[in-house]
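Keep in mind the model is a prediction, meaning the values are calculated, not measured. Reminder, nothing fancy here: chain letters follow the sequence lines and each chain counts from 1.
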Amino acid sequence: MDYNHIELENKWRKFWAENKTFAAQDNSEKPKFYALDMFPYPSGAGLHVGHPLGYIASDIYSRYKRHQGYNVLHPMGYDSFGLPAEQYAIQTGQHPAVTTKTNIEGGVDKAGNKIAGYRNQLDIMGFSFDWDREVRTSDPSYYKWTQWIFKQIFNSWYNKATNKAEDIQELIAVFEKEGNANVKAETSQETNFSAVEWSNYTDKEKSDILMNYRLTFLSDTYVNWCPALGTVLANDEIKDGVSERGGHPVERKLMRQWSMRITAYANRLIQDLDTVDWSESIKEQQKNWIGKSKGASVKFKILTPTLSEGKGAIYSPGYMTGGNHSHLLIEKAQAMRANPTEAEAALWTRLISKQLGVKIRQQHLIENYIVDFVCLSKKLVIEVDGEIHNQQIEEDQARTKVLEEKGYKVIRFTNHEVIGNIDKVITKIRSEIEGRASITDNKEQVLPNGEDLGGDYIEVFTTRPDTIFGVNFMVLAPEHELVAKITTNEYKAEVEAYQQAAKLKSERDRQANVKEVSGQFTGAYALHPFTGEKVQIWIGDYVLASYGTGAVMAVPAGDQRDWSFAKHFNIEIINIFKDTDISEGAYEGKDAELINSDFLNGLKAKKAIGASIKAIHEKEVGKGKTQFRLRDAIFSRQRYWGEPFPIYYKDEIPYALEDDRLPVELPEVDKYLPTEDGEPPLARANKQDWKTFEGDRMEYNTMPGWAGSSWYFLRYMDPKNETAFVAKEKADYWNQVDLYIGGSEHATGHLLYSRFWCKFLFDRGYIGFNEPFKKMINQGMILGRSSFVYTLIGSVVSLTDPEDEYIPEIPIEKAPRLFLTFEKANVLRIAKKIKAYKVGSEEEKIVGEAQKIIEEINIKSQSVDFELKKKYPNRIGTFEYSTIPVAYPVDIKYVDNDVLDIELASNDPLFSYLKNAEFITEESGDYICGHEIEKMSKSKYNIQTPDELVEKYGADTLRCYEMFLGPLEQAKPWDTKGINGVSNFLRKLWRLFHQGEIFNVNEEEPSKKELKALHTLIKKASDDLERYSFNTIVSGLMIAVNELTDLKCNNKQVLSELLVILSPYAPHLAEELWSKLGNTESISQEPWPIFNASFLEEDAYAYPVSFNGKMRFKLELPTNLSKEDIEKEVLAAEQSAKYLDGKAPKKVIVVPKKIVNIVV
RNA sequence: GCGGGUGUGGUGAAAUUGGUAGACACGCUAGACUUAGGAUCUAGUGCUUCACGGCAUGGGGGUUCGAGUCCCUUCACCCGCACCA
């Protein structure tokens, strides 16, 4: 009876579906196991053999766990929002929901192409998915909860004190009680406000402030705008400066966008990597992406241009007003800034909101006075007088006089005025400001120290604060906002030219010319915070505006880039490392003692970093800081096919919809394109098109592709829940995903975002675990094996005609092609490269062979049936082929074992050039193709779909073969050749149960040998599965089947246990034989066989006997011999004499049941 | 440049703690059988040598009675990051 895979596999697929064999139980006494595959996007192209690789592995593991008595959750669904469906919709006008459905369920697309459908393709592979739990992200019943989670994030802030996300209502309560001064939050809010101010804020102002705290927020940010796709892209959606999908250019654009404050979780996202069992490379990628660096931020005072070269100086030099005590006063001013009175704080918040149109400074030093507020450009001083000032009226008058002499106007308010009616105060200030001329209106520099010309310090971030005494210049990114302000007139032209040049360079150019040093001095200087020395301020494009503060303190002795810069521009290099030579390059190590470093002298980096941070802190020039490369994730997309936001606007204030209004369903639109004003497609929907509408308008953006996939693993636990995204008790039961299998391409996208959302939901108490995927395996890519044919292009030479008849030029493509088999083409190619050779050399041989091939070609060319030849029989001339072979890919379906089926292939219109062509074949008459291993792609005609193979060999064979190919994680070439071996194995196994046409097993006691073969397999299969070594188990099964075949075993007990081990790999076949053995239940829950070591024990063992480590012969000895007896037996053995050569052995090593080694 | 990974026959690969290198397959060679099949079975197949033997896990060195496995060094390829301060 033959193994009929088609009939048999259909039968069991039906059985499983009807009996819901693989439904997971939400309430079970059994231990749980959650095996998950990465969420597929259902593309119209369908699956090729590479896709199911991971699904097969997770399915095998799931089935194994069921045999082990686990309650297994093994679900599947679709990440069905996405760009391709939308692009297709734009082209064809078809609703993306329709094409998405076709891609999943199968059908015919608009162009008439048959779509197999993801579900059908998955079904034929025999996966044990619990299909009742299927989810689709584009289904409103699913995205309702995506929106709901968004709302929770919107209504949360990150409390640094408790290190978790908390309800925004609690934050509002704090604001109402005491303002924001004591709140420790991950926030973009820079200023403080009091409780009183908070209560006086308008709704819009409150909303704006809360935006600075919410974990998802609206802000004007520079985004990666992709004009071709008409949307914003996240950083991880861009590779090498172009969009990952489609490869379109991307530009920077300022847009109002929703973002996710993932940076709040940066630290935890790095730390908790230690708690998951993932590959090092993925963890490493995440760490790189988050990019944590520890160090310090340091502020360098900018000396004004007046100091630099004396030009334009109106008053005597002095980098700050305040005479000789300025540094003391500055420190005092800083302290006062940090501890404002309530009135000051209140006023400050209002003053900096920029409604006044001018820049105001707080606690600023002028002459010997610290003023409360000053607008330098308008020379207006604003003082708030408290009780202290009442006792100092005289002093205040003197102070006012001095300031007025300097050209300032001083206005005063009392605490009472400020707190009582701040609006009145503001109005007063505004009218004062408007009434005064701006000093920048005339080009003349007015302020003595150039404060009017720019900011007062440059902030840098450094990981090596210990090297601060090595700083003798600074470099700003060319785009740095201070550059224009600090540049002296003298250098203005050069600096602007450099900025312009840097701007024109693309990101790529800048990265490509990493080695090239360029930069420009600005003419400005900063003050070294410790030495008080002047340090030059340069700009250079090796400093990136997007990282840190966009400025560096250059330590040429300790940083190679700074060193190169200094060398290039002849800037002095101060060595700060003892016993190091920095003439050829910087010393970047951490083991040298510091010198020339004041209080750090003698310390090594480890201690010096701490000491320097302490000093920086004490001097109030900076603080210890941890910097992350990770940016907040842009969450808006200007697209149609994505989740709408649960947000509406009223008076331009965004509000979240009430829960009972969710989901906000996607409205119908006339076109899936942006509006003429550049608004996203959803702006096309009128009010009545929205099923949910509130306020003035709904949010027009949609969520990005990763929204739905960031929490889908939770929905599978409770896919039909209408009152919660997942019931808490179900999330508690199923907990983390125990085994997650998928490609490594999601390292910094999906895997980071889902960890972020998981942590968030954990913080807010919705789930009880803060990492989603406990163990992850990344399957390697299956590469295609493309086949090539090698053609020679024909041409006509020396064409003349005795009758002078006109002969048209012969188009090359009209000439019949000549094809060379791979070997011969290769010889020609190699021979072409040989210019000279020695007699008798390998080269000579090749050239000789090439000669022969060329002769063959020449002979062929004589016999070519060439239509022009017939047409002009009188022509004199020769027809010749080039001798340079050109490789063309040919569809692998016409190639078997590298042999091309010329007949079949030439009938394919894609390869019509094979028609009427000439072939120089091997002697056997076969045309042998060349091959190359590369990614599967349509253009290489090397795509292998699982469907054809399942039809040909059966799903069981394909499942086993994909595993048999090699370790799961490794990339490997697909080669259909080997599948025969696996197919033979399953057939051989089938024959164990059959004798001819009859099913035949015996029920006797199994023999010792049978039991040994079986238990060897049980051990191997169990051990190897535990370490996810799927490939070796197939070998183990083959070995067992081979042995049992040799033993002519048809023992029911042995074969039953064999079937259980086989069943995860070849489930259909296992079920069939299981039922034939008389079982009525599915094999899927049958307990895994128990290994019994005693069956493996043998009475004798063939010892490999080595002399000096080289195995010479084997000697069979009883296993119960002692070490001494083994040694005696071995030395006494006949063969030993030869190797001992009469000498006594120096040493004999005996490892019982392993090896004997004799040292002579 | 930094980080991670991989190098074993003609091919995919085994060798889990240092103990017979190449299991299991593919392919190839020869043969048997035959309802001529992509079936089944038998034998052989790392390289080299007529053979004894010698040489072999990218290269070089070391530790060890014994190294694919441990250590040092070096090369090649793949992946990720990259003037990241």
Open item on the list: Across nucleotides 20-36 of chain B, 5' to 3', mark each nucleotide with B, S or - according to how protein heavy atoms within less than 4.0 Å reach it.
Closed with: B--BBSSSS--------
Please give the nucleotide sitting opposite [N] as a Watson-Crick or G-U wobble pair, both distances under 3.5 Å, or none.
| N | result |
| --- | --- |
| A43(B) | U29(B) |
| G68(B) | none |
| U63(B) | none |
| U35(B) | none |
| A13(B) | none |
| G22(B) | none |
| G7(B) | C75(B) |

Interatomic distance where [atom1] belongs to [X] and [atom2] belongs to [N] [whole Å]:
| X | N | atom1 | atom2 | value |
| --- | --- | --- | --- | --- |
| Leu1025(A) | U16(B) | CG | P | 17 Å |
| Ile782(A) | G12(B) | CD1 | P | 14 Å |
| Ile290(A) | G80(B) | CD1 | P | 18 Å |
| Ile537(A) | A85(B) | CD1 | C1' | 17 Å |
| Lys1146(A) | G66(B) | NZ | P | 11 Å |
| Leu783(A) | C78(B) | CG | P | 12 Å |
| Ile1033(A) | G12(B) | CD1 | P | 22 Å |
| Phe822(A) | U11(B) | CZ | C1' | 14 Å |

Partners passing ring-ring contact (aromatic ring centres under 6.0 Å, His included) against [X] (at least two apart in sequence or in another chain):
| X | value |
| --- | --- |
| Phe1091(A) | none |
| Tyr961(A) | Trp974(A) |
| Tyr1101(A) | Tyr1103(A) |

Please write out the pairs of protein N or O atoms and N or O atoms of nucleotides 54-63 of chain B separated by less than 3.5 Å, giving the distance to one decimal.
residue: G54(B); atom: OP2; partner: Arg1112(A); partner atom: NH1; Å: 3.3

For [X], side-chain contact (heavy atoms from CB on, under 4.5 Å) partners two or more places apart:
| X | answer |
| --- | --- |
| Lys625(A) | Ser297(A), Phe461(A), Gln627(A) |
| Ile1039(A) | Glu1043(A) |
| Glu588(A) | Asp559(A), Gln560(A), Ala586(A) |
| Ala608(A) | Asp466(A), Leu594(A), Leu600(A), Leu603(A) |

Looking across every strand, which nucleic acid part, if any, lies under 4.0 Å from [X] by heavy atom: base, sugar-phosphate, or nothing?
| X | answer |
| --- | --- |
| Lys952(A) | base |
| Tyr1103(A) | nothing |
| Asn1157(A) | base |

Open item on the list: Quick check on RNA chain B: between Arg991(A) and Asp1023(A), whose nearest nucleotide comes earlier from the 5' end?
Closed with: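 By nearest-heavy-atom nucleotide position, the 5'-most residue is Asp1023(A).
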- [ ] Starting from the 5' end of RNA chain B, give me the residue, Leu965(A) or Ser293(A), whose nearest nucleotide shows up first.
- [x]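 Looking at RNA chain B, the more 5' nearest nucleotide goes with Leu965(A).
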Using atom [atom1] in both nucleotides, what's the gap between [N] and [M] to the nearest angstrom?
| N | M | atom1 | result |
| --- | --- | --- | --- |
| G37(B) | A43(B) | P | 26 Å |
| U49(B) | G54(B) | C1' | 8 Å |
| G58(B) | G1(B) | P | 24 Å |
| A51(B) | U63(B) | C1' | 37 Å |
| U40(B) | U35(B) | C1' | 13 Å |
| A56(B) | G68(B) | P | 10 Å |
| A14(B) | G9(B) | C1' | 13 Å |
| G4(B) | A85(B) | C1' | 24 Å |

Give a yes-or-no answer on whether the side chains of [X] and [Y] include a donor-acceptor pair shorter than 3.5 Å.
| X | Y | result |
| --- | --- | --- |
| Tyr927(A) | Asp901(A) | no |
| Glu1026(A) | Tyr64(A) | yes |
| Tyr547(A) | Ser293(A) | yes |
| Gln286(A) | Thr748(A) | no |

Under 4.0 Å: is that the gap between some side-chain N or O of [X] and OP1 or OP2 of [N]?
| X | N | answer |
| --- | --- | --- |
| Arg561(A) | A82(B) | no |
| Lys972(A) | G12(B) | no |
| Gln970(A) | G12(B) | no |
| Asn1031(A) | G12(B) | no |
| Arg785(A) | G12(B) | no |

Task: Base orientation of G9(B), syn vs anti, 90° cut from 0 - done: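 Syn, angle within 90° of zero.
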Task: Pair Phe788(A) + Phe822(A): ring centers closer than 6.0 Å - done: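 No; Phe822(A) has its ring centre 6.0 Å or more from that of Phe788(A).
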Task: Within residues 977-990 of chain A or reaching into it, pairs that qualify as salt bridge (charged side-chain N to carboxylate O under 4.0 Å, His left out) - sequence neighbours excluded - done: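 Sorted pair list comes back empty.
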Task: Ser744(A): partners by side chain to side chain donor-acceptor pair (under 3.5 Å), with sequence neighbours left out - done: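 If we apply the side chain to side chain donor-acceptor pair (under 3.5 Å) test to Ser744(A), skipping adjacent residues, there are no hits.
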Between the protein and nucleotides 1-5 of chain B, list every N/O to N/O distance that falls short of 3.5 Å.
residue: G3(B); atom: O2'; partner: Glu284(A); partner atom: OE2; Å: 3.1

Task: Phe473(A) vs Phe565(A), ring-ring contact (aromatic ring centres under 6.0 Å, His included): CA-CA, chis, key distance, verdict - done: CA-CA 10 Å; Phe473(A) 65 99; Phe565(A) 195 85; 5.7 Å; yes
